[in-house]
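Each chain gets a letter, A, B and so on, in the order the sequences are listed, and its residues count up from 1.
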2 protein chains.
Amino acid sequence: MKNRENIPKATIERLPLYYRCLDKMDTFEDIDVVSSKDLGGKLDIPSTQVRKDLSYYGEFGRRGVGYNVNELKKSVGKILGVDRMWPAILVGAGNLGHALVNYKSFSMMGFEIACVLDNDPAKIGNMINGKKVQDIKNIDKIVAETDIKLGVIAVPTDAAQVVADEMIDSGIKAIWNFAPTRLRVPPEIEVKNEDLAVGIVSLIYHLSWQEEMETKGE
Amino acid sequence: MKNRENIPKATIERLPLYYRCLDKMDTFEDIDVVSSKDLGGKLDIPSTQVRKDLSYYGEFGRRGVGYNVNELKKSVGKILGVDRMWPAILVGAGNLGHALVNYKSFSMMGFEIACVLDNDPAKIGNMINGKKVQDIKNIDKIVAETDIKLGVIAVPTDAAQVVADEMIDSGIKAIWNFAPTRLRVPPEIEVKNEDLAVGIVSLIYHLSWQEEMETKGE
DNA sequence: TTACTGTTGATATAAATTTAGCAAATTTAA
DNA sequence: TTAAATTTGCTAAATTTATATCAACAGTAA
Ligand SMILES: NC(=O)c1ccc[n+]([C@@H]2O[C@H](COP(=O)([O-])OP(=O)(O)OC[C@H]3O[C@@H](n4cnc5c(N)ncnc54)[C@H](O)[C@@H]3O)[C@@H](O)[C@H]2O)c1
Ligand SMILES: NC(=O)c1ccc[n+]([C@@H]2O[C@H](COP(=O)([O-])OP(=O)(O)OC[C@H]3O[C@@H](n4cnc5c(N)ncnc54)[C@H](O)[C@@H]3O)[C@@H](O)[C@H]2O)c1
């Protein structure tokens, strides 16, 4: 395996796609062997890219044959760390928080929201998907007791930095942030910003341009 | 302006960040002029990158001075197409659908969910954020009458392709897809996949590696 | 005026990422 | 056995994207 540091970020973001696809083939489609061409075909990724991505981590295929689906799934799962469950705390039992907590398919990716926290007395004590919403004041105790490393921020933008600080103080090591703001965190804390507006705006950008072209053409 | 085709995808995804930041400065912070260094600083983007991104579309700053916040905001808004509202239909009034429909801040990015559709009789007729959930059967009529171009897919994976086909048949031109699957669409249809699992798995990947390193170190 | 600091935008350079090409390995079929 | 067809994984090339450099310009203060 190459030095883990200089593996392209884009490669790491394609691995979960391979993983999900392999799981589907393995579990539901009864496919034993797959070529890089077929796997890439399902995901609109060139076969050369698939092979290159995998080659950063080792040799998983057999020349002239392809990849064993079940084996490759396990290998990729191990590379990603999804061969075990990673419990998380989620802060912000609002609209988005509810959706995330109720979502079943995360478990397939090794992710599980184990605790839900909020600061609104009207929400504390409520049940969401079998979990009782707890007071954010207890975050230190909760994180210490459960040894959870992952935090999800689903609070309004204004509260995101405060919540991030509380998470880090409590011992959280990695943050999945849905608030549209950059968090200031120490360098050892990993942050992934899930900025949904970027997605829709890039669609609007193309649509808007398309429409402008059409207008010109007339 | 350069040929719009060969502007980096990454640039287009940074523009919404600039836009939101400029809007905040303009509306709430009463800042008139900003340098690429300051703007980049707020977003963890190098000033050279900010200037390069903007330079694809023209000259917006004054040497020795910086950028007029309000002017640049308007220019970037126009580039992105968010200087007008883009109404959308959303299909799938479930957990995620609810969150998206209730989310207020999309409007600032020119995005608005105008209609909500579902195929579950138990959901049709319900109100979400002042909008009545409509029967997916009426999609053709709805899209034709409203001339909506944007569709949001928030249905289970299994139903995503069917819904995409229905959208395209009805006249939808661009699809924001939350289902974790690749949609097969004609080339003229724009699709943006919002695959949340990728985000959390890339966090797990880092966390998992970190933990492995620590274990080794002991 | 003049020197000094700060800033843009263009061009040049460097780095990262993707794509192509091909030898080696494997299977299939003649 | 041998030839043809596949398919991997390595290396090299091409492409894309990011970063550095610097002349031109603008403001400020001596
Ligand atoms: N809803 C969406 O579809 C959507 C889309 C994109 C981004 N987001 C972002 O996700 C975040 C949450 O959005 P939402 O729509 O769920 O908001 P929401 O208002 O529905 O929920 C926010 C929750 O956070 C809680 N909260 C506020 N301050 C807190 C604090 N200091 N400590 C603990 N809990 C606190 C509130 O009590 C509330 O329950 C926001 O940052 C939003 O910008 C949401
Ligand atoms: N909830 C989350 O946090 C989350 C996270 C990541 C991805 N997703 C994805 O988003 C999608 C929606 O997730 P969810 O949790 O809201 O699911 P959900 O089950 O809560 O809601 C799905 C809705 O779609 C409707 N529906 C099903 N088939 C339909 C059809 N053919 N036409 C019209 N409506 C139909 C259902 O009636 C239901 O209201 C899924 O693809 C899921 O994988 C959700």
Peer 1: For residues 165-173 of chain B, which side-chain donor-acceptor pairs fall under 3.5 Å, sequence neighbours excluded?
Peer 2:
unit_1: D165(B); atom_1: OD1; unit_2: Q161(B); atom_2: NE2; d: 2.9
unit_1: S170(B); atom_1: OG; unit_2: M167(B); atom_2: O; d: 2.7

Peer 1: Check the distance between dG6(C)'s P and D38(B)'s CG and give it to me in whole angstrom.
Peer 2: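 One finds 12 Å between P of dG6(C) and CG of D38(B), rounded.
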Peer 1: Tabulated below should be each protein N or O lying under 3.5 Å from an N or O of nucleotides 17-19 of chain C; please produce it.
Peer 2:
unit_1: dT18(C); atom_1: OP1; unit_2: R14(A); atom_2: NH1; d: 3.0
unit_1: dT18(C); atom_1: OP2; unit_2: R14(A); atom_2: NH2; d: 2.9
unit_1: dT18(C); atom_1: O5'; unit_2: Q49(A); atom_2: OE1; d: 3.3

Peer 1: Just how far, in rounded Å, is C1' of dA16(C) from CD1 of I12(A)?
Peer 2: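 Taking atom C1' of dA16(C) as the reference, CD1 of I12(A) is at 13 Å.
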Peer 1: Return all side-chain donor-acceptor pairs below 3.5 angstrom for residues 69-77 of chain B, not counting sequence neighbours, or 'none' if the list is empty.
Peer 2:
unit_1: N70(B); atom_1: OD1; unit_2: K74(B); atom_2: NZ; d: 3.1
unit_1: N70(B); atom_1: ND2; unit_2: D26(B); atom_2: OD1; d: 3.4
unit_1: N70(B); atom_1: ND2; unit_2: D26(B); atom_2: OD2; d: 2.9
unit_1: K73(B); atom_1: NZ; unit_2: D23(B); atom_2: OD1; d: 3.0
unit_1: K73(B); atom_1: NZ; unit_2: D26(B); atom_2: OD2; d: 3.2
unit_1: S75(B); atom_1: OG; unit_2: E71(B); atom_2: O; d: 3.0

Peer 1: Provide, to the nearest angstrom, the distance between the CG atom belonging to L39(A) and the C1' atom belonging to dT7(D).
Peer 2: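 Going from L39(A) (CG) to dT7(D) (C1'), I get 14 Å.
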Peer 1: Which pair of non-hydrogen atoms, one from L207(B) and one from A174(A), has the smallest distance, and what is that distance?
Peer 2: CD1-CB, 3.9 Å
Peer 1: Answer with base, sugar-phosphate or nothing: what part of the nucleic acid does S47(B) contact at a heavy-atom distance below 4.0 Å?
Peer 2: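 The residue S47(B) makes no contact with any strand.
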Peer 1: Does S202(A) use its side chain to pair, donor to acceptor, with the backbone of G199(A) at less than 3.5 Å?
Peer 2: yes
Peer 1: Is any NZ, NE, NH1 or NH2 atom of the basic residue among R84(B) and E211(A) found under 4.0 Å from an Asp or Glu carboxylate oxygen of the other?
Peer 2: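 Looking at E211(A) together with R84(B), the answer is yes, because their closest N to O distance falls below 4.0 Å.
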Peer 1: Output a table of donor-acceptor pairs, distance under 3.5 Å, between side-chain atoms of residues 147-160 of chain A and any protein atom two or more places apart or on a different chain; print 'none' if there are none.
Peer 2:
unit_1: D147(A); atom_1: OD1; unit_2: K149(A); atom_2: NZ; d: 3.3
unit_1: D147(A); atom_1: OD2; unit_2: K149(A); atom_2: NZ; d: 3.3

Peer 1: Measure CD/E59(A) against C1'/dT11(D) and give the value in whole Å, please.
Peer 2: 14 Å
Peer 1: Between N68(B) (CG) and dT8(C) (P), how many Å, whole number?
Peer 2: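 My rounded result for the distance is 13 Å.
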Peer 1: List the atom pairs, with distances to 0.1 Å, where a side-chain N or O of residues 181-194 of chain A and a protein N or O form a donor-acceptor pair under 3.5 Å, not counting sequence neighbours.
Peer 2:
unit_1: K192(A); atom_1: NZ; unit_2: E13(A); atom_2: OE2; d: 2.8
unit_1: N193(A); atom_1: OD1; unit_2: N177(A); atom_2: ND2; d: 2.9
unit_1: E194(A); atom_1: OE1; unit_2: W176(A); atom_2: NE1; d: 2.7

Peer 1: Rounded to the nearest angstrom, tell me the gap between atom CZ in R51(B) and atom P in dC22(D).
Peer 2: 14 Å
Peer 1: Report the C-alpha distance between I200(A) and W86(B) in whole Å, list the side-chain angles of each, state the deciding distance to 0.1 Å, and finish with yes or no for side-chain contact (heavy atoms from CB on, under 4.5 Å).
Peer 2: CA-CA 10 Å; I200(A) 188 60; W86(B) 293 88; over 6 Å; no
Peer 1: Produce a footprint string for nucleotides 25-30 of chain D: one letter per nucleotide, 5' end first; B if the base is under 4.0 Å from any protein heavy atom, S if only the sugar-phosphate is, - if neither.
Peer 2: BSS---
